[in-house]
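Notes for the one structure printed next.
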Number of protein chains: 2
Amino acid sequence: MKRTPAGDAFTDVVTTGLLLGGVLEQAGDTLTAPDGQSGARWKVLGIVSKREMTVAEIARFLKLSRQGVQKVADLLTKEGLTAYLDNPSDRRAKLLALTNRGREILSAIQTRQRRWANHMGEKFEVGKLAEIKAAIQKLIAVLSDSD
Amino acid sequence: MKRTPAGDAFTDVVTTGLLLGGVLEQAGDTLTAPDGQSGARWKVLGIVSKREMTVAEIARFLKLSRQGVQKVADLLTKEGLTAYLDNPSDRRAKLLALTNRGREILSAIQTRQRRWANHMGEKFEVGKLAEIKAAIQKLIAVLSDSD
DNA sequence: ATCAAATTGACAACCGGTTGTCAATATTGC
DNA sequence: GCAATATTGACAACCGGTTGTCAATTTGAT
């Protein structure tokens with residue numbers, strides 16, 4: 001299989017995209033670390049803050065395995081940021097809900113995130129961010145339609 | 001902390017970028033799965049194919065922890081794709097080298113990757129890939145200079 | 001040449017993700 | 001209403017990453 005210019009350019013983009021992914025994961029962890037949390041916990045806290053959900057629902061929403069989310073939810077609960085509430089409509093699947101402490105911590109993270117995003121956002125010319133987003137979305141679109 | 005349009009746009013880009021990262025990681029695993037490998041193993045095989053290196057060197061190169069790379073290297077070695085060679089210049093740090101089997105498998109992965117990249121590359125208009133790469137790099141640059 | 005400091009691999013514990021299995025419970029079709 | 005099926009949480013094993021500790025070895029400064 002011979003290499004083509006377009007193929008090389010694509011590989012280049014993939015490499016750069018992987019790098020970006022790492023940087024962003026890191027940013028999420030850095031943003032949440034001051035409150036002893038992580039990107040993974042943040043996602044769960046954020047989702048549960050909007051509506052109490054079962055672990056299986058959260059997993060479907062985040063497109064993660066049920067068991068993976070279960071671990072995070074158990075950790076959050078052990079640390080007192082969430083609690084399992086009886087679910088009147090399903091005796092197996094308890095509802096994960098924020099505790100007061102969970103609300104406080106999520107709020108602290110969100111404040112920090114907003115400050116960070118506002119600050120970073122200003123480093124781009126007007127319209128540039130939309131352009132970057134469109135570029136990434138185009139890439140995702142091509143990667144996702146498998147044929 | 002109030003939200004700003006630029007901040008919201010930035011947050012949007014971050015979300016999209018995280019999604020991209022996931023899709024790319026997945027692509028790496030899919031590309032290597034037919035040979036029973038993974039993205040992580042692929043990186044190590046690729047690096048070692050150019051030059052035999054110690055685990056610590058590989059870790060520095062990939063910007064991963066020494067211990068994380070050690071685990072992958074041990075797995076690869078256990079499966080016969082790599083071997084530890086005595087290092088004349090350091091009695092502790094053996095050199096990780098490809099075996100014949102490792103070379104075969106890496107070659108198979110590379111062929112599959114090239115076919116994939118060539119195919120995907122053709123789905124973009126000329127110049128579009130360079131544009132996407134530049135957009136992502138701009139984002140990485142801003143994220144990386146911490147101030 | 002010696003001695004302090006840095007590097008290294010082995011080991012262990014953990015986080016966040018996966019897959020697979022199992023028993024309990026819900027849901028659906030008839 | 002009942003039986004087949006699907007969903008769920010608990011549990012376990014694994015991968016790929018992290019941090020931390022330790023003893024052995026290298027390296028570097030004097």
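For the numbers below, each heavy atom of this structure counts, side chains included, while hydrogens, waters and symmetry mates do not. Computed from a prediction, not measured in an experiment: that's the story for all the values here. We name chains A, B, ... by the order of the sequence lines, and we start the count at 1 in each one.
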A:Arg66 side-chain proximity, nearest of C:dT8, C:dA26, D:dG9: D:dG9

Verdict with supporting geometry, B:Leu20 and B:Ile136, side chain to side chain contact (heavy atoms under 4.5 Å, CB included): CA-CA 11 Å; B:Leu20 174 64; B:Ile136 295 175; 4.1 Å; yes

Value in whole Å for how far the C1' atom of C:dC15 lies from CD of A:Gln70: 16 Å

Whole-Å gap separating P (C:dA10) and NZ (B:Lys71): 14 Å

Pair A:Thr11-B:Gln113, side-chain hydrogen bond (donor to acceptor under 3.5 Å, both in side chains): steps then yes or no: CA-CA 9 Å; A:Thr11 295; B:Gln113 191 275 337; 2.9 Å; yes

Contact nearer the 5' end of DNA chain C, comparing B:Val55 with A:Lys78: B:Val55

D:dT19 phosphate, OP1 or OP2, under 4.0 Å from B:Ser65 side-chain N/O: no

Shortest non-hydrogen contact from B:Gly39 toward B:Thr32: N-OG1, 3.6 Å

Minimum-distance nucleotide to A:Leu75 side chain [options: D:dT26, D:dG17, C:dC15]: C:dC15

Upstream residue (5' side of DNA chain C) when B:Lys94 and A:Arg41 are each assigned their closest nucleotide: B:Lys94

Modelled atom types, side-chain donor and acceptor of B:Gln70 and B:Asp74, under 3.5 Å: yes

Proximal nucleotide (of C:dT8, C:dA26, D:dC15) relative to the B:Ala56 side chain: C:dT8

B:Ser89 side chain near D:dT26 phosphate (N/O to OP1/OP2, under 4.0 Å): no

Atom pair distance, as rounded to whole Å: CG in A:Leu18 and P in D:dG17: 12 Å

Proximity to the side chain of B:Arg91 - top-ranked nucleotide from D:dG17, D:dT8, D:dT25: D:dT25

Between D:dC14 (P) and A:Gln67 (CD): distance, integer Å: 16 Å

Spacing of A:Arg60 atom CZ relative to D:dA6 atom P, expressed in whole Å: 15 Å

Residue met sooner reading DNA chain D from 5', once B:Leu64 and B:Glu79 are mapped to nucleotides: B:Glu79

Among D:dG9, C:dC15, D:dG17, the nucleotide that comes nearest once only the side chain of A:Ala93 is considered: D:dG9

Electrostatic pair A:Glu131-A:Lys128, nearest N-O below 4.0 angstrom: yes

